[in-house]
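Letters A, B, ... mirror the listed sequences (proteins, then strands); counts begin at 1. In this text the structure is predicted, and so the values were computed from the model without any measurement.
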Protein chains: 2
Amino acid sequence: MPDAAEGRPALAESTGIGARVTALRSARGLSLSELARRAGIGKATLSGLEAGTRNPTLETLYAVTSALGLPLTALVAAPGPIRGSAAEMALLRVFDDGPVTYELYRMHLPAGATQTSPAHHAGVTEHVTVFAGVLRSGPLDRPLRAGPGEHVEWPADVPHGYEAEGPADVEAALLIRYPHPPSP
Amino acid sequence: MPDAAEGRPALAESTGIGARVTALRSARGLSLSELARRAGIGKATLSGLEAGTRNPTLETLYAVTSALGLPLTALVAAPGPIRGSAAEMALLRVFDDGPVTYELYRMHLPAGATQTSPAHHAGVTEHVTVFAGVLRSGPLDRPLRAGPGEHVEWPADVPHGYEAEGPADVEAALLIRYPHPPSP
DNA sequence: CCGCGGCGTTCCGTTTACGGAACGGTGCGA
DNA sequence: TCGCACCGTTCCGTAAACGGAACGCCGCGG
């Protein structure tokens with residue numbers, strides 16, 4: 001195995017989690033030693049975490065956020081926009097409702113832009129509510145159209161696409177529904 | 001308010017992250033082996049992660065979410081409400097804007113309820129915008145009053161409190177501003 | 001019938017994140 | 001000036017998370 005084990009990339013650094021811990025800690029006027037004490041972890045652990053030279057475990061992250069009085073979400077970066085070639089989608093929430101998983105996105109599509117997406121797994125459906133602009137979307141061979149306030153849906157187990165018709169950008173909410181495969 | 005040094009031993013299993021990974025994976029029709037392959041991690045690692053018998057590192061979690069095409073936030077539970085003795089506050093977002101950290105909460109205070117909070121560090125201020133009800137809040141010895149649509153703020157480096165005046169519950173947005181101490 | 005490929009789990013040696021104890025640096029009161 | 005308390009970093013032995021290679025199981029095709 002190629003041992004580039006010199007200056008380790010340090011994932012915690014690239015995600016900004018280390019810097020965020022430092023910010024949240026100093027915002028409360030806590031020293032590193034004091035936070036480590038309250039969190040019940042070693043100073044070495046917290047030092048390495050903030051510096052980004054370690055790869056912390058979930059347990060460590062929980063200990064830190066608990067000591068700060070915050071949920072774990074406070075440490076992970078806000079859901080960044082996912083840039084397609086044309087569309088910009090930001091994941092708002094994930095719901096795990098028993099046998100079905102939903103993912104709710106906010107979609108922004110510049111006027112005239114077209115975005116295609118490969119087929120998902122069988123049974124997956126997409127549901128769009130348009131807030132602004134006119135959206136043409138659905139299976140590539142049989143697209144649907146929706147204006148402001150309207151709602152469309154289609155099976156997403158075939159290649160599909162999104163297109164902003166007309167002169168205005170499209171703002172919409174996209175809900176992807178993933179039914180779980182039969183349990184047996 | 002986020003203060004108590006109450007460190008709760010939160011284990012990897014109680015967070016439901018394992019179950020969430022299983023849900024998101026099966027939602028996409030992926031086998032455990034397949035996801036492990038795409039994520040570039042061992043099957044043993046993913047198996048233990050989903051079963052909750054391991055304490056995954058940040059790197060592992062990141063590899064899994066990336067392979068699922070999701071941000072890391074998709075794995076951590078939605079910010080849960082923080083129950084004070086009376087108030088219920090849910091952290092909506094954390095902003096790290098250079099030398100200042102902001103925490104944005106949604107606050108719900110039942111009619112007649114009173115909630116106090118110990119002093120924060122010097123320089124910290126709280127800003128409240130009331131949506132419904134009448135809120136009496138601020139330093140305990142010199143409280144302020146705000147009705148629907150109004151906004152109040154006060155230095156939070158002294159003990160302060162919140163009280164829902166009148167017959168209606170209070171719904172409000174609370175922004176806590178933590179200026180970072182001057183760099184050494 | 002047997003073989004083959006894929007599944008999820010378990011075993012095991014290696015890697016590494018962990019906390020405690022050191023370290024040097026700094027501010028402050030005696 | 002000296003202690004002394006605390007800071008954040010580094011060292012180091014131990015615990016455990018890691019990936020690879022087994023394992024047993026099942027469905028399917030020859």
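Contacts of L46(B) with the nucleic acid, taken as non-hydrogen atoms under 4.0 Å apart, are absent. Within 4.0 Å of T57(A), counting heavy atoms only, lie sugar-phosphate atoms of the nucleic acid but no base atom.
Contact check, S47(A) against dG8(D): no side-chain N or O comes under 4.0 Å of OP1 or OP2. Using a 4.0 Å cut-off, no side-chain N or O of R25(B) falls inside it from OP1 or OP2 of dC7(C). Between R54(A) and dG19(C) there is no side-chain N or O to OP1 or OP2 distance below 4.0 Å. Checking the phosphate oxygens (OP1, OP2) of dC6(D), no side-chain nitrogen or oxygen of S33(A) falls inside 4.0 Å. The phosphate of dC7(C) has OP1 or OP2 within less than 4.0 Å of a side-chain N or O from S31(B).
The side-chain heavy atoms of R93(A) and Y105(A), taken from C-beta on, include no pair separated by under 4.5 Å.
The nearest whole Å value for the distance from the NZ atom in K43(B) to the P atom in dC23(D) is 13 Å. Here dA15(D) presents its C1' atom at 12 Å from CD of E59(A), a figure rounded to the nearest Å. At whole-Å resolution of the value, CG in L58(B) and C1' in dC18(D) are 15 Å apart. Whole-Å rounding puts the R38(A) CZ to dC7(D) P distance at 11 Å. Here dT10(C) presents its C1' atom at 13 Å from CG of L32(B), a figure rounded to the nearest Å. When rounded to the nearest whole Å, the span between CG of L49(A) and P of dT10(D) equals 15 Å. The separation between E34(A) atom CD and dC6(D) atom P is 10 Å, rounded to whole Å. Going from atom CZ of R37(A) over to atom C1' of dG20(C) covers 14 Å, rounded to whole Å.
Rounded to the nearest 0.5 Å, atoms OG1 (T60(A)) and OH (Y62(A)) are 13.0 Å apart. Summarising the geometry, atom CG belonging to L61(B) is positioned 9.0 Å from atom CG belonging to N55(A); distances are rounded to the nearest 0.5 Å. Between the OG1 atom in T65(B) and the CG atom in L70(B) there is a gap of 7.0 Å [rounded to 0.5 Å].
Among the nucleotides dT10(D), dT10(C), dT9(C), the one closest to the side chain of A44(B) is dT10(C). For N55(B), the listed nucleotide lying nearest its side chain is dA17(D); candidates were dA17(D), dC18(D), dC7(D).
Between Y102(A) and F95(A), the ring planes are perpendicular. Angles over 60° get that label, and only those under 30° would be called parallel.
If L30(B) and L61(A) are placed on DNA chain C by their nearest nucleotide, the residue sitting closer to the 5' end is L30(B).
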